[in-house]
Amino acid sequence: MGDRFAGVTDTSRPRLLLIDGHSMAYRAFFALPVDKFSTTSGQHTNAVHGFISMLATLLRVEEPTHVAVAFDAGSTTFRTEALPSYKGTRDATPEPFKGQVPLIKEVLEAMHVPHLEKDNFEADDILATLSSQADALGMEVLVCSGDRDSLQFVNENVTVLYPVKGVSELARMTPEAVRTKYGVEPHQYPELAALVGETSDNLPGVPGVGPKTAAKWINQFGSLEQILDRSDEIKGKAGESLREHLDVVRLNRQLNHLLTDVELPFGPDDLKVQPWDREAMSTVFDALQFRTLRERLFAMHPAADDDENVGPSVDVTLEDLAPGLLEAWFAEHDQRPLGLDVAGRPVPAGGDAWALAVADGPASAVALDLTDLSDDDDRALGDWLSDPTRPKVVHGGKSVWHELASRGYSLEGVVFDTELAAYLCFPDQRSYDLGDLAERHLHRELTPLDTSNGDQGALDLAVGEDSEGGRLAVRAAALTDLAEVLRGELGDRSAESLLTDLELPLSAVLVHMERHGIAMDVDYLRELEQHFGELVAGAAGAAYEVIGREVNLGSPKQLQEVLFEQLEMPKTKKIKTGYTTDAAALADLFVKTEHPFLKFLLEHRDSTRLRQTVEGLLKSVADDGRIHTTFQQTIAATGRLSSTEPNLQNIPIRTEAGRRIRRAFVVGDGYETLLTADYSQIEMRIMAHLSGDEGLIEAFRTGEDLHNYVGSRVFQVETSAVTPAMRSKIKAMSYGLAYGLSSFGLSNQLNIDVKEASKLMEDYFTRFGGVRTYLAGVVDEARANGYTATIMGRRRYLPDLTSDNRQRREMAERMALNAPIQGSAADIIKVAMLGVEKEIAVRGLKSRLLLQVHDELILEVGHGELEELTALVREQMGSAADLRVPLDVSVGTGSSWHDAGH
DNA sequence: TCCAGCACGTA
DNA sequence: CGTACGTGCTGGAT
C-alpha cells in the first residue's frame, strides 16, 4: 500500500579540514583584545575564544566531513637541531598567551575534534602528511594555517586558508591565488622563501632579494637548484649577494621542506566529524565564561545533531486512500498534532489552493487533490481543519490560511508554526524555507514543490515516487518532527511563550487584517497620478532647458556627469560609483551654487517618487476596491512586522504633497469612519523604562513636551526658553542614542562641529546619567550573553560583538543598542493588537483592525461603535505593558487616513 | 533576465 | 561613522 520516498544522500566528496593549532591560536591572540577576554579568576582567554570561534565558523561555512587540529610538540625538532636559532624570535611567548593552548585542547576534546602532535615535528609536518594522504584518497583538503610554508602543498585538491586580518578573514589560497600573489607555482614557494627568508621563523634570506626578484629568478632558471648552480650568470648586486649566501639558501630550503611521511596514529579516514559532547562543552565553556560562544555553537548545531536516529533520509508512508475514507483516516490519526502542508498561492483575498497533505509523522500521510474531492472527503477535511480541538502543525500558518480560505475552508487549532518558531530562535535569518530547516535540523532533504502554477485538474497525486502528492506528504511529515526539534530550541531560549501567547495568535490577527484590506478612493488616486505626472514633466522640461540637453534624471551615473563634469560643481560625499547625488547632497549643492538645475532636479525626484507611490497603490487595488497588503511576521530581526505588496508602512506623511496620498485611504462602505491610534514616543519611554533614569522618567510623568523638557535640562534654561532649534537638536540626539549614534554622526546630521556634538552629548549624559549607564551596560551584557533581549524576552543573537573586525563589531554594538528598544516597542504593540482584537470579539463589535505601522494602529469603525471602540483601543494599547512610565496613546478619527491622523 | 548599487519613503 | 524595513530604477553582466 505505502510508498517509499528515498531521501537524497550527499554525494559530494569527503572534505578534510586541517588546522595549524599553534599558528592560528597565536593569530587569534593578537587579533582580540586581552582585557576583554579574561575570566574572573584572571585566566586570559582571548586566544581560546578567537580560535574556537574561527573553528565554529569554518565548520559551519565549509561543512567539512573530516577535521583535525595539529599542534607543535616540545621545543626541539629536527630543524632546531640543524639550526639552533630556528624560530628563535618566538622564544618570547607573551605571558598572557601561555596556558591558552591546553585550554584550546580541552575544548577540542569536548567537541570530539582530534588534535595531533608529535615529538620532534612541527604542526606543519603533520598537516603536510595528512594532506598528502587525504589527497591520495581523493578527498578535498582545506588547510587553515598562518604559516606560509604550508603554501607548498597547495594543489587542485588542497586549498590553504591563510589569515589576512585577525582570524575572521581567511584568504583562499588556491594554486591560482598562489601564482597571482607570489608569481610562482605552489610547490616552488619554499624555493622562493629560501631566497627571501622568513622573519617569523627567524630565517634570514639573501640580503637585497625580495619576493619579486626571487620569483623572477625561479621563473628564469626553472628551479632553485638551477639558480644555485648557475648563480654566476646572475648580474648585479643581487647576484653578488646571492653568491655570498648560497649556504644560507641551502639551509633555508632544507628547513622549510615539509615532511609528508610523519608516522601518525590516525589517517584521514579516522578524522570523521563527530557529534559534540555538549555536556563536556558546557563544562569547559562555563569554566572559561564563554556564554556567547556556547550559545552560538549550540544554535549552529542544534541538539538533533546528537540524535543518531535521525538519518539523512526518511521514508514516508503515503496512503492510497479511496474516496470517502478520509474521515476514518482522521479518526485514526488525530490523537496527536498532525502536520499540514498546502500547495497553493498564499495571496490575501485572491489566493488559491490545489493540493494538501496531512501527515502523522512519517508513519502515515495522505495527499489530496483539492480540485477533485468527493463530497464526503470535503466535509471530513473541512471539519478537521475548522476544529480548534484537533491540533495541527503548519509552516507559515498565515499563508496556509489564505490558501485554504480560497476554497472556503477555515483553519483552527494550529498549535505550532515551524516558521514562527524558527524566526524566534534565529531572528537574523532572511528566510525560513521549510526545506532549509529540514536540512539543517532534521538532516533531511525535501524536494521543493512546483510553485509555478496549479495546473488544476492535471495534478499528479498518484501514490508514486516523485509525485507532487509525495513531495507534499514528505513536507507535511517533516513538520511534526521539526516542531519537536524547534520546541527544544525554543525551550533553550525561554521563547515558548513568545510563540504560543504572542506570535501564533498574532498571525491569526494578521490574517484578518490582510483579508479585510483597506478601502481606496481610486478616482482620487487617478487624479493624483495625473497631477504628479504633470509635475514630473514640468520639472524635467525645466531641468533640460537649464543644461541644454536631455539626460535621464533618474540615473545617478548621468547626473554625476552633468553635475561634476558639465557644471563643474564641488564634489559631494564619495560613494562606490563616484559621488553621491542624494537629496541631502543636492540640497547642500544648491546652497553653495544656487544653480537652478538642482532645484528642478529635486522637484523631479519628489514628484517622480510620489507618482511612483501612487502608481504602485493603483496597481494593488483588488477587485473589492481595497488594498490587501501582506504583513511579514518573520523578517525583521528586532521583532517588528514588515509590509509588502504593497508596503503600506512607508506611505508619505512628512510633506504636504505626500500627505495627499493618505487621503486616498478611506473608510469602506458599511463603516462609519477610520480611526488611528498611536503610541507617542514609545521608544523613548522604553529607554526611560529600561534605563531607569530618574530624569527621563520624570520627564514623562510631568506630561510636558518631552524634547522641551529634556532640552531645558541639557541647556539649563527654563522649559519655556527652549527654542525650536534647541528642541530639534535634542530630538535628533535622543533618538540617535537609541540607534548607537556617535558624536561624529550627530555632528554630521546637525551640521555642527564634532566638538559641539560631543559637548551636546556630554551635557545630555550629565543630566541623564542613567541613560549612559544603561547603554554601556546593554552592550556589555549582550557581549557576555551573546544576545540582547526585549522586555518580553525576545532575543537577538549578535555574535559579531566579539568579532576582531572593527567595522563588524561596531555595527553589532549599534544593533545591540537598538534591538531591545525597537524590539520592546514591537512586543508592546503586538500585545495591544491581540488585546484589541480579542476585546472587539468579546463585545461583538463590527469594527476591525486594518493596518499596523510600528507604533500606530488603523481601524475601521462600525456604525455607532466609535465611542466604545476609542475607549477600548486606548485601554488595550495603554495597558499592553507595565512600564515605569505611562504609555501615552493618541487617537484620531476621520473618513480618510489623512483626516484620521494627527 | 538577473543582480548590485543607489535613492528614498516610513517608524 | 544612526536602527529596522520595501520598492523601483539604472546599468552592467549574463
Side-chain angles (χ1 to χ4, degrees), chain A residues 427-428 430 551-560 572-573 575-586 601-602 604-617 619-620 629-655 657-659 661-662 678-684 687 732-750 754 757 761 775 788 796 798 806-807 809-823 825-826 829 851-857 897 901:
Chain A
D428 272 276
R430 51 184 53 204
V551 294
N552 185 342
L553 297 174
S555 163
K557 189 169 177 269
Q558 296 181 35
L559 284 180
Q560 288 181 37
T572 56
K573 197 178 67 177
I575 53 174
K576 276 185 192 173
T577 53
Y579 300 93
T580 183
T581 65
D582 68 19
L586 295 182
L601 176 56
L602 283 165
H604 183 264
R605 281 258 177 89
D606 276 346
S607 306
T608 310
R609 175 85 191 168
L610 292 165
R611 184 186 59 179
Q612 203 173 267
T613 303
V614 171
E615 280 173 349
L617 291 175
K619 271 184 241 160
S620 304
T629 185
T630 297
F631 288 106
Q632 302 285 353
Q633 202 179 346
T634 61
I635 294 294
T638 51
R640 274 190 178 180
L641 300 177
S642 73
S643 160
T644 63
E645 291 181 74
N647 181 358
L648 295 187
Q649 290 180 325
N650 72 342
I651 302 303
I653 192 170
R654 290 177 196 190
T655 64
R659 281 193 290 273
I661 298 179
R662 291 194 169 217
D678 65 50
Y679 284 115
S680 53
Q681 291 138 350
I682 188 166
E683 297 199 340
M684 288 312 294
M687 173 94 94
M733 180 164 57
S734 290
Y735 280 100
L737 288 177
Y739 299 151
L741 187 66
S742 64
S743 53
F744 178 90
L746 185 65
S747 69
N748 228 348
Q749 195 197 314
L750 296 178
V754 177
M761 289 177 85
L775 292 174
T788 62
R796 179 169 189 188
L798 295 166
R806 202 180 88 171
Q807 192 168 324
R809 186 175 62 244
E810 290 180 344
M811 173 65 108
E813 286 170 359
R814 292 192 295 272
M815 291 174 175
L817 290 173
N818 179 250
I821 296 172
Q822 190 184 116
I829 197 163
L851 300 177
Q852 186 251 44
V853 192
H854 308 310
D855 64 358
E856 172 187 20
L857 297 178
W897 193 358

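Reminder, nothing fancy here: chain letters follow the sequence lines and each chain counts from 1.
Distances from the side chain of A/A637 to the nucleotides C/dC1, C/dC5, C/dG8 place C/dC5 closest. Checked against C/dT3, B/dC8, C/dA4, the side chain of A/A583 finds its nearest nucleotide in B/dC8. Distances were taken from every side-chain heavy atom of A/F744 (C-beta onward) to each of C/dT3, B/dA11, C/dC1; the shortest belongs to C/dC1. Comparing B/dA7, C/dC5, B/dG9 by their nearest atom to the side chain of A/R605 picks out B/dA7. Of all nucleotides listed (C/dG8, B/dG5, B/dA11), C/dG8 comes nearest to the side chain of A/Q612. Ranking C/dT3, C/dC5, C/dT7 by closeness to the A/I635 side chain, first place goes to C/dC5.
In this structure, A/E645 places its CD atom where only 12 or fewer heavy-atom neighbours from other residues, nucleotides or ligands lie under 6.0 Å away.
Here the separation of B/dA4 from C/dG2, taken at their P atoms, is 25 Å to the nearest Å.
Remark: A/T577 is in phosphate contact with B/dC6, judged by side-chain N or O atoms under 4.0 Å from OP1 or OP2. The shortest distance between the side-chain N/O atoms of A/R654 and the OP1/OP2 oxygens of B/dG9 is not below 4.0 Å. Contact check, A/T638 against C/dC5: no side-chain N or O comes under 4.0 Å of OP1 or OP2. Checking the phosphate oxygens (OP1, OP2) of B/dC6, no side-chain nitrogen or oxygen of A/T580 falls inside 4.0 Å.
In terms of heavy atoms, A/I829 sits closest to A/E856 at CD1-N, 3.6 Å.
Remark: A/E810 engages A/R806 in a salt bridge, criterion side-chain N to carboxylate O under 4.0 Å.
A/L851 is listed as a side-chain neighbour of A/W897, based on a closest heavy-atom distance under 4.5 Å.
Among the heavy atoms of the strands, none lies under 4.0 Å from A/L817.
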